[in-house]
Amino acid sequence: MTQASGIANEQTSTPLSSSKSITLRISRYNPEHDDSSKFMEFSVPYERWTTVLEAILEVKKHFDHSVAVRYSCRQATCGSCGMIINGKPRLACFTKISELNSNVVTVEPMNNFPIIRDLAVKFERLFDTHQKIKPYLIRDDTELTSDEKEFLQSPEEVEQYIQFANCIKCGLCNSACPTMATDSSFVGPQALAQAYRYVADSRDKGKDSRLKIIDDSHGIWRCHFAGSCSQVCPKGVDPAMGIQLLRGYLLGFRS
Amino acid sequence: MRESTIMKIHYGTALAAVALVAVHILMRLTQGFAESLEYESVLANYKFIPYAIMLELILILLSVHGFNGLRVILLELKQGRLYEKAVSYGCLAAMIALIAYGSRTIIMTNMGMV
Ligand code: HEM
Ligand code: SF4
Ligand code: FES
C-alpha cells in the first residue's frame, strides 16, 4: 500500500522556511486560576498569504499547544474565529498578517464576551439575543398547498434584506458596540440586524411581534449611533443601517 | 409606557426645545443682553405672559428630555429589576419636582407675589 501513504502525505501547516517573521502576542487567561490576562510572545514566520489564524495554529503546532482558540471553516463562513487583532475586532481567518503592516501582531479575545480561556469566548448571550428576535420566517400558512412549491420573490424584494442575510453570527459587531460594554441586557447589533433581515422579508408576517420584542427598555433605543458595528462587520452586513431602518417602522416613517 | 413612545417624546421635546430656545435667545439679544439677569428685567419678563408661557414650556420640555436622558444613562450603567424600577420612578419624580419648583417661581413672580 505504498500508493496510499503517498497520497496521504499532506502538508498540514505552513513550512517554517519563510525569511519574514512577526512577533505574535497572544493574550493568555484561564479564569479558573488566573487573576488577569498576560501576553505570551512568539516569533512566527509568515508569507504574503498567511492569515492570523494560521499564525496562531503555527504557535499551537510548534511552540505551545495549550493556546485556546476557536475556529472551523478557515474561510470567513462559520463565524468562529472572531478576536481583537491589533486592537480591532476581526476574523482571524480573514485577516492576513501582511495587511496589518506591523511587525507585532497582538491577538486578544473579543470584548463584551465572557472568556472561556485565552482567545475562546462564550457565545451564549449572542445566541440568546439572536433567538429572541425570532430569526425565522413567521407565516400563518405553515403548510404549503400542493400547487405552491415556493414563496416567490422579485429581485427587488430580495434586495430589501439580502445584505442582512449574510450575517455569520461571529459577534464582532457586538464586540465593537459601546452599549454592549455596559448594558448587560442590551439586545445588541447582531440581533437587531437580524430583526431587520426578517421584518424586511416580503415572505415574513412576523413584523409586529418582532418590533414589540425590540421596543423594550434594553432594546433598539439603546443604540446611540456609534456605528462601530458596521465598521467591523466582515460580511458587509451594516447592522447600524439595519437599526436605523427598523427605527423607521417604530417612529412611523415606514410601514 | 412603550419605549418607542418615550423616545418619540425624547426626540420631540429636543426639537421643540431647539425652536423655543432660539426664540428665547433672540428675545434676550434684542432686549438688551447685558441687563438680562438684572432683578427688574427678570421680574418684567415673568410678568409678560406670552414670554412667561414660553419659559414655562422650555422648562417642561427640557425637564422631560433631560430626566429621560438621565434615565437612559442610568439604565445602561447598571442592570437589575429593583434598580431599574428605582431609576425609572426616581427620574419621573425628579422631573415632576423640578417642573413644580420652576413653575412655582414663574407663577408666583407673574402674580406679583415676590
Ligand atoms: C435643544 C437641544 C437638544 C437636542 C437637539 C437634544 C437631542 C438629543 C437626542 C437626539 C438625544 C438622544 C441621543 C441618543 O439616543 O443617543 C439626546 C439625549 C440626551 N439629552 Fe438631549 N438634546 C438637547 C438638549 C438637551 C439638554 C438641554 C439636556 C439637559 C437638560 C439634554 C440631556 C440629554 C441627556 C441626559 C440625554 C441622554 C444621553 C444619551 O442618550 O445619549 N439634552 N438629546
Ligand atoms: S452582523 Fe456582521 S459582525 Fe455582526 S455577527 Fe453578523 S457577520 Fe458578524
Ligand atoms: S474559522 Fe470560520 S470564520 Fe474564521
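Residue numbering restarts at 1 for every chain, and letters A, B, ... go by the order of the sequence lines.
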- Message: Is it the case that over 12 heavy atoms from other parts of the model lie below 6.0 angstrom from the OH atom of B:Tyr11?
- Response: yes
- Note on the structure: Whatever's closer than 4.5 Å to a heavy atom in chain B on A:Thr179 counts as side chain
- Inspect the surroundings of CZ in A:Phe94 and state if more than 12 heavy atoms from other residues, nucleotides or ligands are less than 6.0 Å away. no
- Message: For B:Leu37, I'd like to know if atom CG has over 12 heavy atoms of other residues, nucleotides or ligands within 6.0 Å.
- Response: no
- Which residues pass the ring-ring contact (aromatic ring centres under 6.0 Å, His included) test with B:His65, sequence neighbours left out? B:His10
- Item | More than 12 heavy atoms of other groups within 6.0 Å of A:Phe39 CZ | yes
- Message: Quick check on B:Leu75 against chain A: is it the side chain, the backbone, both or neither that has a heavy atom closer than 4.5 Å?
- Response: both
- Nearest-0.5 Å distance, CE of residue B:Met7 to CG of residue A:Leu250: 11.5 Å
- Message: Are there over 12 heavy-atom neighbours, none belonging to B:Arg2, within less than 6.0 Å of that residue's CZ?
- Response: no
- Between A:Ser184 and B:Gln79, a side-chain donor and acceptor under 3.5 Å: yes
- Is any residue of residues 209-227 of chain A within less than 4.5 Å of chain B by heavy atoms, and which ones? A:Asp215, A:Asp216, A:Ser217, A:His218, A:Trp221, A:Arg222, A:His224, A:Phe225
- Query: Is it true that atom CD of B:Glu35 has more than 12 heavy atoms of other residues, nucleotides or ligands lying nearer than 6.0 Å?
  - Reply: yes
- Query: Hey, is CG on B:Leu82 packed in by over 12 heavy atoms from elsewhere, all under 6.0 Å?
  - Reply: no
- Give, for atom OG of A:Ser185 and atom CD of B:Glu76, the distance between the pair rounded to the nearest 0.5 Å. 11.0 Å
